[in-house]
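Read the structure below first, then the notes.
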Amino acid sequence: MKNKKALFHIVKREALPWYQAWMIRGAAILLALIVCSLVTIIVTGLNPLSLYKTMFYGTFGTNRKTWVLFQKLAILLGISLAVTPAFKMRFWNIGAEGQVMAGGLACASVMITLGETIQSNALMLLIMLVVSIAAGALWGFLPAFFKAHWNTNETLFTLMMNYIAIQLAAYFIIIWEVPKGSGKIGIINQKTRMGWLPYLGGKQYAIIILLVAILTILIFIYLKYSKQGYEIAVVGESERTARYAGIKVERVIIRTMILSGALCGFMGMLLVGGTDHSLSTELVGGRGFTAVMVSWLAKFNPIVMILTSFLLVFMQLGAKEVATNFYLNESFSEILTGIILFFIIGCEFFITYKIQFAKSGKEA
Amino acid sequence: MKRFLAIVMCLLMVFAVVGYNKAAKADTVKVGFICLHDEQSTYDLNFINAAKAACEKLGVEMILKTGIEEGIGCYETAADMADSGCIAVFADSFGHEDYMIQAAQEYPNVQFCHSTGTKAHTENLPNYHNAFAAIYEGRYLAGVVAGMKLNEMIEAGKFTAEEAKVGYVGAFTYAEVISGYTSFFLGVRSVCPTATMEVTFTGSWYDPTAEKEGAQKLIQDGCKLISQHADSLGAPSACEEAGIPDVSYNGSTKEAGPNTYLISSRIDWEPYYEYAITAAMNGTPIDVDWTGTIATGSVKLTDLNDNEGVVAAGTAEKLAEVQAALEAGTLHVFDTANFTVNGETLTSYLADVNTDPAYTPDTEVIADGYFHESEFRSAPYFDLQIDGITLLDTKF
C-alpha cells in the first residue's frame with residue numbers, strides 16, 4: 001500500500017485572543033462586501049459604491065427607515081434571546097418559529113374574540129401577555145417533556161411543532177377572515193385599537209425596542225449570574241457532569257424549554273400587538289431560524305447578540321433596498337444576504353480551526 | 001473587553017443614525033406604487049406595466065417597490081413614500097388595504113389609492129380610495145368564446161350537448177372569484193344553453209402545483225373546457241397536456257398552450273392610474289370607489305388565439321356583437337332572467353357590501369331586473385350560488 005500524504009490538515013486552534021478573532025470577523029465582512037460588489041458589477045454593471053450607499057440609505061436614510069431597522073433588530077434579537085438558554089444547554093431547539101407563531105396566534109385570538117367585550121386596554125394587554133406566554137411555553141414544554149422522559153429527538157420534534165403552529169394559524173385565519181373568502185384577517189381592531197401596544201412618545205416601535213432592551217439585560221444576568229443559568233451551562237457542557245454534581249437534568253431541560261418557549265410567545269405578542277396588529281402565516285417570516293444563527297454567532301452572549309442581529313438586519317434591509325431601487329429581482333437581495341452569511345459563518349471555522357499544509361519531505 | 005467593544009459598536013450605530021438623516025426634497029411630481037410581488041407574477045406585472053405607462057404619459061416620477069408583504073411592511077413603505085414627497089401612493093394587493101388606511105390616516109395631504117379593496121366607502125377618509133374594474137364583463141365575453149368552442153365540439157360529435165361541462169379553478173370562495181366564475185358561466189350559457197360548470201378551489205392566489213392538479217382533476221371529471229381565477233400557468237399547462245381548450249386570466253398564455261388557449265381577459269389599470277394621478281396633481285377629488293368598465297378601456301380582452309382551428313368559426317363576429325350590447329347597456333351580465341338560485345328567479349338580494357367581521361348583508365343590489373355588481377363599491381360582491389354550477393370543495 002502506498003503511503004499517501006494529505007495535502008493539508010485541519011487542526012483545532014488554541015483559543016484565539018479576542019482581538020484576533022474579531023479581526024478575522026472584520027476581514028470576513030470586508031471580503032463579503034467585496035464579493036457582493038463583484039457579483040453586482042458582473043450581474044448588473046452597477047457601481048459598487050452606489051450599492052453600499054443604497055444599502056446605507058435603506059437602513060439609516062430616514063428617521064422612518066431607522067425606526068424600522070431598530071424594530072426589526074429588536075424582534076430578531078428578542079427571538080434570539082429566547083432560543084439562547086436552550087442552545088446554551090445544547091438542546092437543539094429549532095422550534096422558535098412555531099413558538100413565536102403560537103404566541104402570536106394566541107395573542108390574535110384574544111384581540112379578536114375579546115376586542116369588543118373588554119373595555120380596558122390595560123386588562124386586554126394583560127390577558128394577551130398571559131395567553132401568549134402560556135401558548136409559547138406550551139410549544140416549548142412539549143418537546144422538552146418528551147425529550148426528558150423518552151429521549152425523543154428534539155430537533156425533529158421542535159421542527160414538527162413549527163408546522164403544527166403554522167397550520168393552526170392558517171386554519172384560524174380562514175375562520176376569522178374578513179371579508180368572507182378573502183383568506184385575510186386584516187388589521188385587528190383598527191378603529192378601537194384594542195389590544196394595541198401603546199405608542200411611546202408617538203412612536204409605534206419604541207415600546208418594543210425598550211422591552212427587548214430590558215429583556216437583553218435580564219437574560220444576560222440570568223445566564224451569567226443566576227444559579228439556574230449556571231445549571232444550564234453545566235448541562236450544556238456535559239450532562240454526566242451535571243448529573244454527578246446533583247443537578248436534576250430532566251428538570252433543567254423542561255424548565256429551560258418552558259422559559260425559551262415563553263419568551264418566544266412573548267415575542268409573538270410583540271409582533272401581533274406591537275407591529276402587524278394582524279395574523280398571517282408569514283408573521284414570523286423565518287426569523288425563528290435566523291435567531292439560531294444570531295445566537296450561535298454571538299456565542300450565546302446577549303450583548304454580542306445585539307451586534308450580530310444588527311448585522312443581519314442591516315444586511316437584509318440594505319439588500320432589499322438595493323434590489324428594489326435598481327429594479328432587480330427580489331431574489332437578488334437574497335443572493336447578497338446569502339453571500340454575506342456565507343462569509344460570516346465561514347469565518348467562524350477559521351477562528352476555531354487552522355489549516356496546516358503538509359511540508360514537503362518530512363512528516364507533517 | 002469584548003463587551004466594551006460591543007458597547008462601542010452599538011454607540012457607533014446610534015451615531016450613524018443621527019449623522020445620516022437628511023431631508024427629502026421635492027422637484028418633480030412623484031408617485032409611489034406598492035406591489036406584492038415583482039414582474040415574475042403576472043398579476044403584479046399587469047399593475048407595473050400600467051403604472052409605467054401612466055407615469056410616462058403624465059411625465060411624473062414613478063417610485064416602485066416590489067415584494068411588499070401584506071403586513072406592517074406595506075404601511076412602512078406607503079409612509080416612506082409619503083415622507084419622500086409622493087403626492088399619491090397606490091397598492092395592488094387586497095391584503096395591503098388596512099395598512100394603506102393606516103398610512104392614509106397619518107398623511108392627510110397624500111392620496112392613497114388601493115386596488116381591489118372594499119373599505120373606502122365606509123372609512124370616510126377623504127384621501128383614501130378604492131378602485132376595481134367591471135371584470136365580470138370581460139369574463140362574460142371570454143365565456144361567450146368558450147361557449148362557441150363547446151358548440152363547435154358538440155357539432156363535431158366529440159360529446160353530447162348534455163355533457164358540455166366546464167371546469168373552473170378558483171383561488172378562494174371570495175366574492176371576487178364567485179363573481180368571476182359566475183359571469184364566465186353566464187357567458188358560456190348564453191351561447192351553449194346546456195352547459196354546466198364545476199369549480200374547485202386551491203386556497204391560494206398563486207400555487208402552480210395546486211392549480212395544475214385542480215385542472216387535471218376537473219378534466220378527469222369530464223370537463224370539456226377549463227378556465228381559472230388564479231395567477232399561475234398551472235391550469236393552462238394542464239390543459240395543453242390534455243388537449244382541452246382553456247380560457248385564461250390576467251393576460252395571454254398562448255405560449256404555454258398554443259393549441260388550447262382561446263382567449264384571456266384582464267384589467268387594464270392605466271386609465272385609473274392616469275385619472276387618479278391627474279386628480280392628485282390638480283388637487284381635485286378622486287372617487288371614493290372607482291369602477292372602470294369595458295367602455296372606459298379598463299377591461300381588456302387579449303387577441304383570440306389565431307392558430308388554425310383553436311377558436312370556433314365566427315367567434316370574433318359574435319364577440320363584437322356581445323361587446324357592443326354590453327357597452328350600450330342593453331345587455332346586463334347578471335340579468336336575473338338568465339339565472340336561478342335554488343330554482344327560483346331572484347327579485348331581491350341583500351349583499352355584504354360594507355365589510356364587517358360578521359359578514360352582515362346590508363345592501364339591496366337587485367333592481368330593474370339585474371344584479372348591480374360593482375356599483376355600491378368597486379370591488380365585486382356577487383356571492384350567490386346559482387343553479388348549474390357545482391362547487392367541488394369549499395374549504396377555502
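Chain letters run A, B, ... following the sequence lines, proteins first and then strands; every chain starts at 1.
With a threshold of 4.5 angstrom between heavy atoms, A:S280 does not approach chain B through any atom at all. Contact of A:E177 with chain B is made through backbone and side chain together, with heavy-atom distances under 4.5 Å. Looking at A:Y171, neither its backbone nor its side chain comes within 4.5 Å of chain B, counting heavy atoms on both sides. With a threshold of 4.5 angstrom between heavy atoms, B:A79 approaches chain A through its backbone and through its side chain. Of the two parts of A:Q190, only the side chain, counted from C-beta on, holds a non-hydrogen atom closer than 4.5 Å to a non-hydrogen atom of chain B. Proximity to chain A (any heavy atom under 4.5 Å) is shown, for B:Y99, by both the backbone and the side chain. Within the 4.5 angstrom heavy-atom criterion, only backbone atoms of A:I175 (N, CA, C, O) approach chain B. Within the 4.5 angstrom heavy-atom criterion, only side-chain atoms of A:E321, from C-beta onward, approach chain B. The part of B:D356 that comes within reach of chain A is its backbone (N, CA, C, O), which places non-hydrogen atoms under 4.5 angstrom from that chain. Both the backbone and the side chain of B:Q102 come within contact range of chain A, with heavy atoms under 4.5 Å apart.
In this structure, B:T66 and B:I48 have side chains that are in contact, with non-hydrogen atoms separated by less than 4.5 Å. The side-chain heavy atoms of B:F33 and B:K65, taken from C-beta on, include no pair separated by under 4.5 Å.
Residues B:F47 and B:Y43 place their aromatic rings such that the two centres sit under 6.0 Å apart.
Partners of B:D393 according to the salt bridge (Lys or Arg N to Asp or Glu O under 4.0 Å) rule, which considers only residues two or more places apart in sequence or in another chain, are B:K217. Here B:E76 pairs with A:R64 under the salt bridge (Lys or Arg N to Asp or Glu O under 4.0 Å) rule; sequence neighbours left out.
Side chain of A:K65 to backbone of A:L317: no donor-acceptor contact under 3.5 angstrom is found.
Taken to the nearest 0.5 Å, the OH atom of B:Y206 stands 7.5 Å off from the OG atom of B:S41. Note that the OG1 atom of B:T116 and the CG atom of B:D92 stand 8.0 Å from one another [nearest 0.5 Å].
Interface summary for chain A: among B:E97, B:Q105, B:E123, the most heavy-atom pairs under 4.5 angstrom belong to B:E123. When the candidates B:E70, B:E39, B:E69, B:H96 are compared by the number of heavy-atom contacts under 4.5 Å with chain A, B:E70 comes out ahead.
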